Amino acid sequence: MQVPHNPFKASLTGDTRYGCWAGFATGYAGEILATTGFDWLLIDGEHAPNTVPTILAQLQAVAAYPCAPVVRAVSHDPALIKQLLDIGTQTLMIPMVDTAEQAAQLVAATRYPPQGFRGVGGGLTRATRWGEVEDYMTTAHEELCLIVQVESRSGVDNAEAIAATPGVDAVFVGPFDLSTDIGHIGNPNHPEVQTMIRHTLDATHAAGKAAGILAPVEEDAKRYADWGFDFIAVGIDISLLRQAAKETVARYKGEK
Ligand SMILES: O=C(O)C(=O)C[C@H](O)[C@@H](O)CO
C-alpha cells in the first residue's frame, strides 16, 4: 500500500476549514466529534490530559470519518515527535515557535536522514501500517503536514522567517497565549493583539503558507474568516458540553 493520503494537507488551499478542539482525551469523545461535520479536530496534547496511547486511541477512532485529526504536541521534544509520527500522526501542531531556527529543527525532527534526524521505527509502527506501506521512508514527508504555532511577541516579530521555513506547511496563531505574552492577559480582541494577528496572517500568506487560528466566539471566527484565515477552530468540546449542560439545567431549575 501507499503512504496514507492526508486530506487536511490537501485541503489547506481551499475554502476555510472549520475545526473543533478536542480536550476529552478519549477515542469515544473524539469519534462523536468526528461524526458531526467538523472538517478537522485538534487532539490537544498540550493542555488536555493526553499521552501517546490516548492520542493513538483517538487517531484510530476518527480514522473512519471525513474529519482530519491534527495532533498538538506538548513540547518540541524530538523523541515525542518521533512517537507521535510513529503512531500515525500525519498533521502535527507544535506550540510556542518563536524563531525560524526552532521551526527548522522541528522540520528536521519529522524527516529521515539525510534531510533530518527522525529515527526509524519500520514495521513496528502504525505509520507504516506495520510495514505494509511501500517506500514509507522516502515518501512519508509528502503526506506530513507541520503546523507551527506563533503565540508570542518574538514569534510575531519572526513570523515572515518562520512561515518561510521549508517544510513548514502552516502557521497557527495562539490568540490566548499571544495576548497574555504581550500583557493583555486573556484578551485577544485588544487592538494591539488584533494587529499582531493580522500581521502574522499576512506574513504567512506572503510565504505561500496556510494560516489557522482558534476562535471559539462566533463574531471573532467570522471576522477571521473574512480576513482570509484558512482553518479556524470554532469550538472547544469541553466548553460545548459545559454550556449545553448549564443551559439544560437552567431551563428546569432557573439561574441561581
Ligand atoms: O494560545 C492559544 O490560544 C492556544 O494555543 C490555544 C489554547 O492553548 C487552548 O488550549 C485554549 O483552550
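Model, not experiment: these values are computed from the prediction. Ligands are counted one by one from 1 in listed order, and the atoms in each one are counted from 1 as well.
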Notebook entry, point to check: Gln58 and Asn50: side-chain donor and acceptor closer than 3.5 Å?
Noted result: yes

Next item on the list: Identify, by atom number and element, the atoms of ligand 1 in contact range of Phe176, meaning under 4.0 Å from any of its heavy atoms.
Entry: 1 (O), 2 (C), 3 (O)

Margin query: Taking 4.0 angstrom as the limit and counting only heavy atoms of Pro175, give me the atoms of ligand 1 inside it, by number and element.
Written below: 1 (O), 2 (C), 3 (O)

Item checked: Met96 and ligand 1 - part of the residue with a heavy-atom distance under 4.0 Å -> neither

Margin query: Heavy-atom contact check, 4.0 Å cutoff: does Trp21 meet ligand 1?
Written below: yes

Checklist line | Carboxylate-amine/guanidinium contact Arg223 Asp226, below 4.0 Å | finding: no

Margin query: Please determine whether any non-hydrogen atom of Met93 lies less than 4.0 Å from an atom of ligand 1.
Written below: no

Item checked: Sub-4.0 Å atoms of ligand 1 with respect to non-hydrogen atoms of His47 -> 8 (O), 10 (O)

Notebook entry, point to check: Just distances here: any N/O of Arg72 and N/O of ligand 1 closer than 3.5 Å?
Noted result: yes

Check: Which is it for Leu214 and ligand 1 at heavy atoms under 4.0 Å: side chain, backbone, both or neither?
Finding: side chain

Check: Can Asp181 and Arg153 be counted as an ion pair, charged N to O under 4.0 angstrom?
Finding: no

Notebook entry, point to check: Between the side chains of Glu247 and Gln243, does any donor sit under 3.5 Å from an acceptor?
Noted result: yes

Item checked: Protein contact of atom 1 (O) of ligand 1 - nearest heavy atom, named by residue and atom, plus distance -> Asp177 N, 2.8 Å

Item checked: Result of checking Phe172, Tyr18, Phe229 against Tyr224 for ring pair (Phe, Tyr, Trp, His ring centres under 6.0 Å) -> Phe229

Margin query: Would you say Asp230 and His205 are linked by a side-chain donor-acceptor pair, where the criterion is simply a distance under 3.5 Å?
Written below: yes

Note to self: Any nitrogen or oxygen of Ile236 lying under 3.5 Å from a nitrogen or oxygen in ligand 1? Just yes or no.
What the structure shows: no

Next item on the list: Compute the ring centroids of Phe8 and Phe231, then answer whether they are less than 6.0 Å apart.
Entry: yes

